[in-house]
Amino acid sequence: MIRLRMPSLDDPHLFRLIERELIPYAKAVFPTLRIGRKDVEKMLDRSKVYVGEQRGSKMPIGFVSVSSAQHVLRIEMLAVEKDYQGIGWGSALMAVAETYGRQTGCTRAQLYVDESNDKAKRFYERIGYATHSFAPEYKCYLLEKTL
């Protein structure tokens, strides 16, 4: 099941997921980076956040955060628990995010993926994203897809 984020219920789990799955890539480029729980909450509060959970459980197993501006859907963060990767949760979360983008008038979607995160880059390419450019200062690829 995919639903909207419930901050009081979800944020502790999302923070741990971000710590395990996303922050290590950012720290590879910016070793002194410090991101606390309040920073994560602010990022999530500025986004539309969809959470994946097993039926009958309130424990998030993945999430996607998005925003839209000037007809562009920005995929800000996507993370899925390791035990649930490779079985469709990432694709399902991205499908919901892209549907939201279309409903809000977006004609394309963009996201950044770390240069060292080959698994994520392959995943995004498999669901239709293509490399648009490379940001050497962040060591990230900008990927894009027409919606």
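None of the values given here were measured: they were computed from a predicted structure.
Atom CD of Glu81 and atom CD of Gln85 lie 8.5 Å apart (nearest 0.5 Å). To the nearest 0.5 Å, atom CG of residue Leu44 and atom CZ of residue Phe63 are 6.0 Å apart. Within the model, atoms CG of Leu22 and CG of Leu17 stand 6.5 Å from one another, a figure rounded to the nearest 0.5 Å. Here the CD atom belonging to Gln110 is positioned 9.5 Å from the CG atom belonging to Leu73, to the nearest 0.5 angstrom. Between atom CD1 of residue Ile23 and atom CD1 of residue Ile35 there is a gap of 4.5 Å, rounded to the nearest 0.5 Å. Taking OH of Tyr100 as the reference point, atom SG of Cys106 lies at 7.5 Å (rounded to 0.5 Å).
Grouping the Ile, Leu, Val, Met, Phe, Trp and Tyr side chains by contacts below 4.5 angstrom, directly or via other members, places Met77 apart from Tyr124. Put simply, Val49 and Tyr84 are part of two different groups of oily side chains (I, L, V, M, F, W, Y) that touch within less than 4.5 Å, one to the next. Both Val64 and Leu143 are part of a single hydrophobic cluster, where members link through side-chain heavy atoms under 4.5 Å apart. Under the 4.5 Å side-chain heavy-atom criterion for ILVMFWY residues, a single connected hydrophobic cluster contains both Leu111 and Phe123. At a threshold of 4.5 Å between side-chain heavy atoms, the hydrophobic network of Ile, Leu, Val, Met, Phe, Trp and Tyr places Val96 and Val80 in one connected group.
Nearest heavy-atom pair across Leu93 and Gly52 is CD2-N, 3.9 Å. Contact between Leu4 and Tyr50 at its shortest, heavy atoms only, is CD2-CE2, 3.5 Å. Nearest heavy atom pair, residue Glu53 against residue Trp89, reads O-CH2, 3.4 Å. The two residues Met94 and Tyr129 come nearest to each other via the heavy atoms CE-OH, 3.4 Å. In terms of heavy-atom proximity, Val72 sits nearest to Arg74 at CG1-NH1, 3.3 Å. Heavy atoms only, all atoms of each residue included: Ser116 and Tyr25 are closest at OG-CD2, 3.5 Å.
Around the OH atom of Tyr138, the shell of radius 6.0 Å holds no more than 12 heavy atoms that belong to other residues, nucleotides or ligands.
Residues meeting the side chain to side chain donor-acceptor pair (under 3.5 Å) test with Arg46, sequence neighbours left out: none. Partners of Thr99 according to the side chain to side chain donor-acceptor pair (under 3.5 Å) rule, which considers only residues two or more places apart in sequence or in another chain, do not exist here.
Contact annotation: the side chain of Lys27 approaches that of Arg34 to within less than 4.5 Å [non-hydrogen atoms, C-beta and beyond]. Residues Val51 and Ile2 have side chains not in contact (no heavy-atom distance under 4.5 Å, counting atoms from C-beta outward).
Side-chain contacts under 4.5 Å among hydrophobic residues (ILVMFWY), followed directly or transitively, place Leu142 together with Tyr112.
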Pair up each side-chain donor or acceptor in residues 6-15 with any protein partner under 3.5 Å, not counting sequence neighbours, and list the distances.
| residue | atom | partner | partner atom | Å |
| --- | --- | --- | --- | --- |
| Asp10 | OD1 | Arg3 | NH2 | 2.7 |
| Asp10 | OD2 | Arg3 | NH1 | 2.7 |
| Asp10 | OD2 | Met6 | N | 2.6 |
| Asp11 | OD1 | Arg5 | NE | 2.8 |
| Asp11 | OD1 | Arg5 | NH2 | 3.3 |
| Asp11 | OD2 | Arg5 | NH2 | 2.7 |
| His13 | ND1 | Arg16 | NH2 | 3.1 |

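Donor-acceptor pairing under 3.5 Å is recorded for the side chains of Lys121 and Thr131.
For residues 58-70, every residue pair satisfying the side chain to side chain donor-acceptor pair (under 3.5 Å) rule, not counting sequence neighbours, is listed here: Ser67-Glu76. Sorted by first and then second residue, the pairs that involve residues 130-147 and meet salt bridge (Lys or Arg N to Asp or Glu O under 4.0 Å), not counting sequence neighbours, are Glu98-Lys145, Arg108-Glu144.
Side-chain N or O atoms of Ser57 include one that pairs as donor or acceptor with a backbone N or O of Met59 at under 3.5 Å. Of the possible polar contacts, none joining the Asp114 side chain to the Asn117 backbone as a donor-acceptor pair under 3.5 Å is found. Proximity of a side-chain donor or acceptor of Thr104 to a complementary backbone N or O of Gly101 within less than 3.5 Å is detected.
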- [ ] Kindly determine whether Ile127 and Ser91 satisfy side chain to side chain contact (heavy atoms under 4.5 Å, CB included), including the steps that lead there.
- [x] CA-CA 7 Å; Ile127 62 169; Ser91 297; 4.0 Å; yes
